[in-house]
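First the structure, in the form of structure tokens, and then the observations on it.
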Amino acid sequence: DVKVTQSSRYLVKRTGEKVFLECVQDMDHENMFWYRQDPGLGLRLIYFSYDVKMKEKGDIPEGYSVSREKKERFSLILESASTNQTSMYLCASSLIWGREETQYFGPGTRLLVL
Amino acid sequence: EDKVVQSPLSLVVHEGDTVTLNCSYEVTNFRSLLWYKQEKKAPTFLFMLTSSGIEKKSGRLSSILDKKELFSILNITATQTGDSAIYLCAVCDGNNRKLIWGLGTSLAVNP
């Protein structure tokens, strides 16, 4: 079974803080993704990565950065958290582009920025 | 602009009913269509469809794709309260590895 884990289920931060969200997958997947999910807006892609040290902007990258130093780990960084970044953050991974694109999700992190 | 539209947005049924959820898409470089179920946590994968007319089935759930008319349906027969969830449809864009997501159908199954 694919297992994707995220470092925190719930997180409360203050405006201006630097926030790190970590995601780890144990199935040697090439591709990893960060989404945020908000009511009425659905799932929106922030960043994704198809290889170690590679990253691509998604649809809403502003205010975020990512890091992928190891294949199994993909981190999302909020450089200076703002209240409009309060959301559910979902990490996902998929095996290999061109052969298996199904994305498997972690349990999510609910982030509240005060 | 590529898009995925799901209907209805929400649905309330009684246990035992059969429901059909719809997903239509306009994606320039279609690669596959995926269905997910989301309860109060992360989406879990249900089906991936790539070919028209071939039904995928898992228990009481089934799904089919029509690439000519650009839609897919997800059927749930003999619904149970445990089927209450948001059902998400996504299309894989063959150009850029991304999934284009619909907003989901919220299904409530009442006892």
Side-chain angles (χ1 to χ4, degrees), chain A residues 1-10 21 23 25 27 29-51 54-61 74 87-110, chain B residues 1-10 21-25 27-51 56 58 61 63 65 72 74 85-107:
Chain A
D1 266 0
V2 177
K3 191 151 170 90
V4 181
T5 57
Q6 295 182 227
S7 48
S8 307
R9 295 299 301 274
Y10 300 95
L21 303 181
C23 175
Q25 49 92 7
M27 286 303 293
H29 282 183
E30 281 189 357
N31 306 309
M32 295 187 75
F33 307 82
W34 275 107
Y35 293 93
R36 62 179 282 178
Q37 187 175 33
D38 302 285
L41 297 176
L43 278 158
R44 293 181 291 167
L45 182 64
I46 305 170
Y47 268 97
F48 68 104
S49 167
Y50 53 88
D51 202 351
M54 304 299 288
K55 61 184 179 186
E56 293 274 347
K57 291 181 180 178
D59 301 316
I60 51 162
F74 192 35
S87 186
M88 167 72 112
Y89 289 88
L90 292 164
C91 174
S93 71
S94 66
L95 181 57
I96 294 175
W97 176 249
R99 210 172 81 197
E100 173 54 76
E101 291 94 37
T102 303
Q103 291 185 17
Y104 297 92
F105 285 83
T109 296
R110 262 197 203 281
Chain B
E1 186 184 331
D2 293 337
K3 63 181 178 182
V4 174
V5 178
Q6 292 186 246
S7 62
L9 283 181
S10 66
L21 310 183
N22 303 291
C23 176
S24 65
Y25 62 90
V27 176
T28 309
N29 194 347
F30 174 93
R31 186 172 176 88
S32 58
L33 186 144
L34 298 94
W35 283 98
Y36 286 81
K37 177 183 181 182
Q38 184 174 24
E39 295 169 271
K40 291 187 190 299
K41 45 188 177 166
T44 54
F45 172 71
L46 294 173
F47 299 113
M48 182 170 78
L49 303 152
T50 55
S51 302
K56 294 256 178 131
S58 175
L61 277 65
S63 184
L65 174 67
S72 173
L74 176 69
I86 296 172
Y87 290 84
L88 295 166
C89 172
V91 171
C92 184
D93 183 334
N95 280 335
N96 57 23
R97 308 174 193 241
K98 293 182 188 178
L99 291 182
I100 302 161
W101 293 86
L103 293 182
T105 293
S106 177
L107 173 66

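Convention: sequence-line order gives letters A, B, ...; per-chain numbering from 1.
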Is there side-chain contact between K3(B) and Y25(B), with at least one heavy-atom pair below 4.5 Å?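 A side-chain contact under 4.5 Å is absent here.
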
Less than 6.0 angstrom separating the ring centers of F74(A) and F48(A), yes or no?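 Ring-ring flag for F74(A)/F48(A): false, centres at least 6.0 Å apart.
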
Which of G104(B), G94(B), S32(B), A90(B) touches chain A most, by non-hydrogen pairs under 4.5 Å: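 Highest number of pairs under 4.5 Å: G94(B).
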
Where on L9(B) is there a heavy atom nearer than 4.5 Å to chain A: the side chain, the backbone, both, or neither?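 Nothing of L9(B), per the 4.5 Å heavy-atom cut-off to chain A.
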
Sort and list the pairs that fulfil side-chain hydrogen bond (donor to acceptor under 3.5 Å, both in side chains) and have at least one residue in residues 37-47 of chain A, not counting sequence neighbours.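 Sorted result for residues 37-47 of chain A: R36(A)-D38(A), Q37(A)-Q38(B), D38(A)-R44(A), D38(A)-S87(A).
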
Heavy-atom contact with chain B under 4.5 Å, split by part of L90(A):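 The side chain, not the backbone.
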
Sequence neighbours left out, what passes disulfide (SG to SG under 2.5 Å) with C92(B)? Give chain and number order.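 Disulfide (SG to SG under 2.5 Å) list for C92(B), sorted by chain: empty.
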
